[in-house]
Amino acid sequence: MASLPPGADSDQLLVEENGSTRTLIMNRPKQLNALSSAMIMGLLRCFTAYEKDDKVKLLIMKGKGRAFCAGGDVSAVVRAINNDSWKYGADFFRNEFLLNYIIATYSKPQVSLLAGIVMGGGAGVSLHGRFRVVTENTVFAMPETALGLFPDIGASYFLSRLPGFYGEYVALAGARLDGAEMHACGLATHFVQLNRLPLLEESLKKVDTSNPFAVCGIIDQFSHQPSLKENSSLNRLEIINKCFSKRTVEEIISALEQETSNSAVEWVAATIQSLKKASPTSLKISLRSIREGRTQTVGECLRREYRMVCHVMRGDFSRDFFEGCRAILIDKDRNPKWMPPRLEQVHDEAVEQYFSRIDDPQWEDLNLPARRSHGRNIESKL
């Protein structure tokens with residue numbers, strides 16, 4: 001194990017040096033590698049230092065234990081906001097989104113080895129990178145609408161670029177995708193069997209180039225084309241496009257309720273159930289966020305999402321984020337009481353609020369450095 005850049009919280013983020021390769025290992029296995037503030041700062045320091053260091057050509061990102069990363073440590077954020085101020089949360093998300101932006105515009109290849117769970121903030125430190133390798137045990141989701149939040153970390157950039165209206169479905173329903181589905185829709189670039197991952201990693205550690213085609217060629221040697229399971233949501237793309245293309249959340253649900261396809265009865269029922277369990281406020285701001293993201297750069301998406309997350313934490317219109325964290329992460333009764341409880345009570349003016357600047361003299365918009373790239377292309381294999 002090599003030493004970390006000075007000041008990084010050494011035990012939560014480990015770094016291995018092998019020639020020109022640096023392997024970053026998220027190391028909170030008991031918490032499924034949930035991103036703490038210390039990990040985010042450590043990653044920011046590493047990415048910033050390695051971009052300037054000519055001796056470093058390639059970054060590998062992985063998680064310790066059975067998860068890649070289950071997301072940002074939002075229960076710690078909620079505790080800090082309750083004890084102190086929403087400003088703590090603003091700092092946490094500002095640093096996290098800056099990290100997402102640097103990864104999305106990074107000049108050297110990053111290979112993320114996505115074994116196990118990849119959710120929320122875990123997607124933010126991987127899916128924006130050049131190469132995303134999934135396996136047969138990968139589970140991806142953006143479950144934020146069930147938490148009273150919305151798919152953040154730049155998800156409105158990559159979800160809005162999925163085939164058809166699949167991104168709206170994944171965002172609103174918090175749908176779980178396996179590795180084959182991630183590969184097919186473009187969230188992942190390669191699929192490698194879990195037992196071959198260590199061999200791939202050994203090969204990558206011998207790399208002495210930043211040429212993405214050369215790196216891709218190495219990963220290609222270990223990868224194969226997985227087939228989708230019969231009940232995959234990607235086999236329901238026709239229904240998804242018909243329903244999730246509707247203008248409002250109410251119309252999406254009503255279209256699903258009118259869906260009569262006999263082959264998809266269970267899938268439709270489960271999707272309606274997921275939408276009805278989610279925070280009505282979260283559903284509405286998430287839908288608008290994905291729609292706006294389609295025509296924006298990754299930087300513009302992150303800037304808008306930062307405004308949104310600050311409004312969520314201030315809780316001026318709805319405190320659903322605090323209630324969702326209580327019900328799902330803290331008390332675990334899984335029975336959140338959303339306020340307002342019904343979609344029709346979340347009017348357009350309230351939704352509009354979430355996209356505006358924060359009315360506070362000390363608050364400022366997310367300030368992102370000028371970079372050469374505007375974000376990655378998401379290439380679907382469908």
> If we count only N and O atoms by modelled type, under 3.5 Å, do the side chains of S282 and E144 hold a donor and an acceptor together?
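S282 vs E144: no donor-acceptor pair found between side chains.
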> Mind running side-chain contact (heavy atoms from CB on, under 4.5 Å) on V298 and F158 for me, showing each step along the way?
CA-CA 8 Å; V298 71; F158 59 75; over 6 Å; no
> Near R357 CZ, under 6.0 Å, is it more than 12 heavy atoms from other residues, nucleotides or ligands?
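More than 12 within 6.0 Å, yes.
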> Assess, by modelled atom type and distance only, whether the side chains of D73 and S36 contain a donor and an acceptor separated by less than 3.5 Å.
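No, because no side-chain N or O of D73 sits under 3.5 Å from a partner of the opposite role on S36.
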> Would E181 and R176 pass as an ion pair if we require N to O under 4.0 Å?
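No, E181 and R176 are not salt-bridged.
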> Applying side-chain contact (heavy atoms from CB on, under 4.5 Å), run through I239 and T271 and close with a yes or a no.
CA-CA 11 Å; I239 300 179; T271 303; over 6 Å; no
> Report yes if the side chains of L287 and L283 come closer than 4.5 Å at any heavy-atom pair, otherwise no.
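A side-chain contact under 4.5 Å is absent here.
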> Rounded to the nearest 0.5 Å, what separates atom CG in L256 from atom CZ in F244?
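Reported value, rounded in 0.5 Å steps: 5.0 Å.
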> Should the heavy atoms of other residues, nucleotides or ligands under 6.0 Å from CD of Q345 be counted, would the total exceed 12?
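More than 12 heavy atoms, drawn from other residues, nucleotides or ligands, come within 6.0 Å of this atom.
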> Under a 3.5 Å threshold, yes or no: a donor from one side chain and an acceptor from the other, between R372 and S107?
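No.
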> Taking atom CZ of R307 and atom OH of Y354, what is their separation to the nearest 0.5 Å?
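One finds 15.5 Å between CZ of R307 and OH of Y354.
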> Can we say E250 and K284 salt-bridge, meaning some charged N sits less than 4.0 Å from an Asp/Glu carboxylate O?
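Salt bridge present between E250 and K284.
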> I need the single residue from K62, K206, R196 that forms a salt bridge (Lys or Arg N to Asp or Glu O under 4.0 Å) with E201. Which is it?
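The option that passes is K62.
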> Looking at R319 and E323, is any side-chain nitrogen of the basic one under 4.0 Å from a carboxylate oxygen of the acidic one?
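Looking at E323 and R319, the cut-off is not met.
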> Under a 3.5 Å threshold, yes or no: a donor from one side chain and an acceptor from the other, between Q221 and S203?
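The answer is no; no qualifying pair exists.
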> Among N211, T209, D208, exactly one meets side-chain hydrogen bond (donor to acceptor under 3.5 Å, both in side chains) together with K57. Which residue is that?
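Of the listed options, the one satisfying the test is D208.
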> More than 12 non-hydrogen atoms from neighbouring residues, nucleotides or ligands closer than 6.0 Å to CG on N335, yes or no?
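Above 12, so yes.
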> Report, as yes or no, whether the 6.0 Å neighbourhood of atom CD on E266 holds more than 12 heavy atoms from other residues, nucleotides or ligands.
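12 or below, so no.
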> Just checking, any donor-acceptor pair under 3.5 angstrom between side chains of D320 and S318?
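Yes, S318 and D320 have a side-chain donor paired with an acceptor closer than 3.5 Å.
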> Provide the closest heavy-atom pair for G148 versus V312 in the form atom of the first, atom of the second, distance.
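Between these two residues, the closest heavy atoms are O-CG1, 4.0 Å.
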> Who are the ring pair (Phe, Tyr, Trp, His ring centres under 6.0 Å) partners of W267, not counting sequence neighbours?
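For W267 the ring pair (Phe, Tyr, Trp, His ring centres under 6.0 Å) partners, ignoring immediate neighbours, are Y169.
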> Roughly how far apart are I330 CD1 and N82 CG, rounded to 0.5 Å?
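I330 atom CD1 to N82 atom CG measures 7.5 Å (nearest 0.5 Å).
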> Let me confirm one number: the CD1-CD distance from I240 to E259, rounded to the nearest 0.5 Å.
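Reported value, rounded in 0.5 Å steps: 10.5 Å.
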> One pair to check against side-chain contact (heavy atoms from CB on, under 4.5 Å): E96 and N100. What are the steps and the verdict?
CA-CA 6 Å; E96 185 181 23; N100 301 148; 4.1 Å; yes
> Cation-pi between R326 and F322: NZ/CZ under 6.0 Å from ring centre and within 45° of the ring axis?
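No - R326 does not lie over the ring of F322 by the 6.0 Å and 45° rule.
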> Regarding Y166 and S233, is there a side-chain donor-to-acceptor distance under 3.5 Å anywhere?
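A donor-acceptor contact under 3.5 Å links the two side chains.
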> Does the pair R371/E51 count as a salt bridge with the N-to-O cut at 4.0 Å?
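Looking at R371 and E51, the cut-off is met.
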> For the CG atom of L199 and the CG atom of L204, what is their distance to the nearest 0.5 Å?
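Result: 11.0 Å between the selected atoms.
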> Less than 4.5 Å apart, any side-chain heavy atom of F191 and any of H224?
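A side-chain contact under 4.5 Å exists here.
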> Under 6.0 Å from the CG atom of D333, do we count more than 12 heavy atoms belonging to anything else shown?
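Yes, because the 6.0 Å sphere around CG of D333 holds more than 12 heavy atoms from other groups.
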> L59 and Y106: side-chain contact (heavy atoms from CB on, under 4.5 Å), yes or no, with the steps?
CA-CA 10 Å; L59 300 188; Y106 211 60; 3.7 Å; yes
> Can E168 and K246 be said to form a salt bridge (Lys or Arg N to Asp or Glu O under 4.0 Å), step by step?
CA-CA 10 Å; E168 275 89 338; K246 300 285 187 262; over 6 Å; no
> Mind checking the CG-CG spacing from L43 to L35? Nearest 0.5 Å is all I need.
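One gets 7.0 Å once the value is rounded to the nearest 0.5 Å.
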> So R236 and V268, do their side chains get closer than 4.5 Å, heavy atoms only?
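No, every pair of side-chain atoms sits at 4.5 Å or beyond.
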> Is it the case that over 12 heavy atoms from other parts of the model lie below 6.0 angstrom from the CD atom of E257?
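Count over threshold, so yes.
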> If we count only N and O atoms by modelled type, under 3.5 Å, do the side chains of Q362 and K87 hold a donor and an acceptor together?
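Yes, a side-chain donor-acceptor pair sits under 3.5 Å.
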> Is it true that, when you exclude K205 itself, more than 12 heavy atoms of the residues, nucleotides or ligands shown sit nearer than 6.0 Å to its NZ?
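Counting neighbours around NZ of K205, more than 12 heavy atoms of other residues, nucleotides or ligands fall under 6.0 Å, so yes.
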> Under 3.5 Å, side-chain donor or acceptor atoms of residues 119-131 against the rest of the protein: list the pairs with distances, not counting sequence neighbours.
unit_1, atom_1, unit_2, atom_2, d
S126, OG, G122, O, 2.8
S126, OG, A123, O, 3.4
H128, NE2, I153, O, 2.8

> Hydrophobic cluster membership, with links at side-chain heavy-atom distances under 4.5 Å among I/L/V/M/F/W/Y: are Y50 and L58 in one?
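Y50 does not cluster with L58.
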> Does NZ in K381 sit with more than 12 non-hydrogen atoms of other residues, nucleotides or ligands closer than 6.0 Å?
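Yes, because the 6.0 Å sphere around NZ of K381 holds more than 12 heavy atoms from other groups.
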